[in-house]
There are 2 protein chains.
Amino acid sequence: MLKISTRCRYGLLAMVELGQCYGQAPVSAQEIFKKQHIPKLYLQQLLVKLRRNGLVESIRGAKGGFILRKDPKQIKILDIVKAVEGPVQLISCTKQNKDKCCSKIKECLTRPVWVELHEVVNKVLNERTLYDLMR
Amino acid sequence: MLKISTRCRYGLLAMVELGQCYGQAPVSAQEIFKKQHIPKLYLQQLLVKLRRNGLVESIRGAKGGFILRKDPKQIKILDIVKAVEGPVQLISCTKQNKDKCCSKIKECLTRPVWVELHEVVNKVLNERTLYDLMR
DNA sequence: TTGATACTTGACAAAAATAGTCATATATAG
DNA sequence: CTATATATGACTATTTTTGTCAAGTATCAA
């Protein structure tokens with residue numbers, strides 16, 4: 001069904017929250033999960049992934065929390081999705097992934113639709129930034 | 001990761017095979033699974049779904065098999081995907097699905113991206129027909 | 001210095017979805 | 001009559017998703 005995972009949804013929700021407070025004091029996981037009703041420990045996991053991918057910075061201890069490492073205008077939605085889920089690969093036989101292509105790639109009549117879908121999804125996620133979602 | 005399921009991929013492969021033989025003798029599951037290396041019993045299942053959704057007709061007995069019920073030009077890729085997988089719903093909070101929307105739908109800042117993705121994916125699948133994939 | 005708050009890490013676990021199988025029955029051509 | 005084909009529903013294995021837990025580290029504020 002191509003359903004967007006909660007990982008993605010929660011990850012983006014968290015980033016939007018951090019975006020709203022960009023330039024201000026750190027926001028704790030606590031505050032985010034209360035506001036958005038995301039399971040706390042699950043959210044923590046996602047925030048760790050966002051940190052490891054350089055999207056947020058974490059500050060330990062009391063009054064600590066998370067802050068964005070970049071201006072929301074510089075953060076693509078695709079970066080966020082990749083951070084929490086890995087690359088957005090609707091199919092495995094892509095240009096970037098030649099070893100995963102099957103031997104029939106040239107004759108494969110179905111591949112073009114899947115490639116088109118793959119590209120269109122990546123395009124949308126790559127063109128929108130976190131800033132576009134804020135107000 | 002939004003990966004296309006094997007159900008979709010196999011289902012479309014089967015439909016393309018049937019498309020290539022449109023107007024000719026029925027094609028058996030046997031022939032399709034040998035040509036495309038799809039697990040036979042799994043393919044049977046998918047073909048039953050395609051039949052129940054009115055996309056193919058089945059002919060039992062020796063020399064039987066499956067044929068398309070419509071011209072490939074009349075069959076949208078979306079119809080095929082829906083038949084084997086159900087509706088393509090990237091998110092649950094869509095216009096068609098108002099009871100599944102959360103109470104925060106109006107304030108939800110993340111929803112617009114997901115809606116855009118949802119729409120763009122459905123658009124591509126709705127605009128392409130089986131005929132577009134054939135040669 | 002002590003307590004409260006907050007992040008870190010790695011492992012673990014339940015639930016759901018995906019992918020595939022099996023047995024049994026029915027239908028038809030030749 | 002028999003070989004070939006589909007029909008059906010239940011069943012199973014694997015993988016992915018969606019979390020949870022425990023034990024630890026770091027920082028602030030009183």
Sugar-phosphate only, base, or nothing, as touched by A/Ile59 at under 4.0 Å among non-hydrogen atoms: sugar-phosphate
Side-chain touch B/Asn53/B/Lys82, heavy atoms, less than 4.5 angstrom: no
Sugar-phosphate, base or nothing in reach of A/Arg9, heavy atoms under 4.0 Å: nothing
Quiz item: A/Arg60 side-chain donor-acceptor pair to D/dT25 base, under 3.5 Å: yes
Atom pair distance, as rounded to whole Å: NZ in A/Lys49 and P in C/dT9: 14 Å
For atom CD of B/Glu57 and atom P of C/dA27, their distance in whole Å: 16 Å
Any A/Arg51 side-chain nitrogen or oxygen under 4.0 Å from OP1 or OP2 of C/dT9: yes
Spacing of B/Leu46 atom CG relative to C/dT21 atom P, expressed in whole Å: 12 Å
Length of the CG-C1' vector between B/Leu41 and D/dA5, whole Å: 13 Å
C/dA19 phosphate, OP1 or OP2, under 4.0 Å from B/Tyr10 side-chain N/O: no
Minimum-distance nucleotide (side-chain atoms of B/Phe66 versus D/dT18, D/dT6, C/dA6): D/dT6
Integer-rounded Å distance: C/dA23 P and B/Gln44 CD: 15 Å
Nucleotide nearest A/Arg52 when distance is taken to its side chain, options C/dT9, C/dG30, D/dT4: C/dT9
Sugar-phosphate, base or nothing in reach of A/Arg7, heavy atoms under 4.0 Å: base
Heavy-atom donor-acceptor pair, B/Gln45 side-chain to D/dT6 base, under 3.5 Å: no
side-chain N/O B/Ser58 vs D/dT6 OP1/OP2, d < 4.0 Å: no
Nearest-neighbour nucleotide for the B/Pro39 side chain, C/dA6, D/dT6, C/dT21 considered: C/dT21
Whole angstrom value for the distance that separates C1' of C/dA17 from OH of B/Tyr42: 10 Å
Ion pair B/Glu127/B/Lys123, N-O distance below 4.0 Å: yes
Residue-phosphate contact under 4.0 Å: B/Ser5 side-chain N/O, C/dT18 OP1/OP2: no
